[in-house]
Amino acid sequence: MPSDQPGQVTVAGTSAPPPQDLTGRAALVTGGTRGIGLVIASRLLAAGADVLVCGRSEPGPLPANLAFAAADVRDPEQAAAVVAGATSRFGRLDIVVNNAGGSPSVPAATASPNLITAVVRLNLLAPFFVAQAANATMQEQDGGGLILNIGSVSALRPAPGTAAYAAAKAGLIALTQALAVEWAPAVRVNCVTAGLVRTEDNAAHYGDENALAAVAATVPLGRMATPDDVADACLLLASPLAGYITGANLVVDGGGQLPAFTGAARPDRTGST
């Protein structure tokens, strides 16, 4: 297809930037100094956005032009401060990705009240605090804005060992839907629910390479997700292509996991019902 410049498509004598071009947009990614958050931040940066990431401690080397601010978003005052800082630095704030989260694996019967409270604060209350501050800014600026919450398939199926985390992530989906209604039309709010993602921390959670291969075999697409898969979904929802999408939960899980009965009832006919 003819084009005037790389990355631009000419239609009927006019040229337009690709829909994933975020030039002139500003973004904040919580927990964006490592893992999935860093990949999301890097993807937004590569698309042309100005990006600030936050974390509780000073990170190692970050990609060039990726700004950093120290903040513990579990604290509502620090959450508001990092949003204000990003807005002041860039002059506006168009995209917020609530990525900070996680949980150790602890049996529900022995999980301490302190642990349960901490997990819910990080995975549900912190996104709420950041979203409130971001909404206050986005409602007042031209073009509004987008809030993306990063969820987990633990919210959609049993999650033994991480009951508090699963409950918090289920709450995050409900929060997404409620905020999308309350804050429309200026602010869109969506959730990206990640499936089994292969990261540097997988060995501690799943086991060695053989164990990881066995886990990947349970996914219909034949592999675990990569951080890039999650980042691509975020880029899609941040682009004009998703301008009419709000209150949605985009599940990025490769088709989920094969039902246990497919290999148990008739091993000779795996996949049949």
Side-chain angles (χ1 to χ4, degrees), residues 20 29-44 46-47 60 63 97-108 111 119 122-123 127 148-170 172-173 176 190-238 242 248-273:
Q20 293 83 14
V29 181
T30 71
T33 62
R34 60 190 294 273
I36 295 172
L38 179 57
V39 176
I40 292 171
S42 300
R43 187 61 50 85
L44 296 174
V97 182
N98 276 313
N99 167 76
S103 172
S105 181
V106 178
V119 168
L122 176 60
N123 292 282
L148 282 177
N149 296 319
I150 304 302
S152 166
V153 291
S154 294
L156 306 177
R157 52 137 172 89
T162 55
Y165 174 78
K169 289 298 189 181
L172 190 62
I173 296 173
T176 297
N190 291 303
C191 187
V192 174
T193 287
L196 306 178
V197 184
R198 178 153 187 166
T199 68
E200 63 269 21
D201 297 327
N202 279 148
H205 189 71
Y206 295 111
D208 60 16
E209 286 298 320
N210 289 334
L212 288 170
V215 170
T218 70
V219 179
L221 287 188
R223 65 176 179 85
M224 298 172 70
T226 67
D228 285 315
D229 292 319
V230 180
D232 285 342
C234 292
L235 184 60
L236 170 63
L237 290 174
N249 179 30
L250 178 56
V251 181
V252 183
D253 66 353
Q257 291 176 276
L258 296 171
F261 71 81
T262 59
R266 290 291 299 275
D268 58 321
R269 297 176 59 186
T270 299
S272 300
T273 57

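Here the structure is a predicted model, which means the values were calculated and not measured.
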Next on the checklist: Counting C-beta onward and ignoring hydrogens, is there a side-chain heavy-atom pair between Val230 and Asn99 closer than 4.5 Å?
Outcome noted: no

Checklist entry - Gly195 and Val153: which non-hydrogen atoms are nearest, and at how many Å? => result CA-CG1, 3.6 Å

Would you be so kind as to tabulate the donor-acceptor pairs closer than 3.5 Å made by side chains of residues 212-219, with sequence neighbours excluded?
from, atom 1, to, atom 2, distance (Å)
Thr218, OG1, Val215, O, 2.6
Thr218, OG1, Gln257, NE2, 3.4

Item to check | Which atom of Ala111 lies closest to which atom of Val106, heavy atoms considered | outcome: CA-CG1, 3.8 Å

Next on the checklist: Could you check whether any side-chain heavy atom of Leu172 comes within less than 4.5 Å of a side-chain heavy atom of Ser152, counting everything from C-beta outward?
Outcome noted: no

Next on the checklist: I want to check something: taking the side chain as every heavy atom from C-beta on, are Lys169 and Ser154 in contact at a cut-off of under 4.5 Å?
Outcome noted: no

Checklist entry - Quick one: OG1 on Thr33 to CG on Leu38, what's the gap to the nearest 0.5 Å? => result 7.0 Å

Item to check | Side chain proximity check, Ile150 to Ile40, heavy atoms < 4.5 angstrom | outcome: yes

Item to check | Intermediate values then yes/no, side chain to side chain contact (heavy atoms under 4.5 Å, CB included), Val192 and Val252 | outcome: CA-CA 7 Å; Val192 174; Val252 183; 3.9 Å; yes

Checklist entry - Nearest 0.5 Å, what's the CG-CG distance between Leu250 and Asn190? => result 8.5 Å

Checklist entry - Going from OG1 on Thr193 to CD1 on Ile173, what distance comes out if it is rounded to the nearest 0.5 angstrom? => result 4.0 Å

Checklist entry - Do you know which two heavy atoms are closest between Leu148 and Cys234, and how far apart they sit? => result CD1-O, 3.7 Å

Checklist entry - How far apart are the closest heavy atoms of Val119 and Ser103, and which atoms are they? => result CG2-OG, 3.7 Å

Checklist entry - Tyr165 and Asn123: which non-hydrogen atoms are nearest, and at how many Å? => result CE1-OD1, 3.3 Å

Checklist outcome for this item: Of all heavy-atom pairs linking Ala170 and Ala155, the shortest is N-CB, 3.3 Å

Next on the checklist: Does any part of the side chain of Thr199, heavy atoms only, come nearer than 4.5 Å to the side chain of Ile36, both counted from C-beta?
Outcome noted: yes

Checklist entry - Between Asp232 (side chain) and Asp229 (backbone), is there a donor-acceptor pair under 3.5 Å? => result no

Checklist entry - Does a side-chain N-to-carboxylate-O contact under 4.0 Å join Asp253 and Arg157? => result no

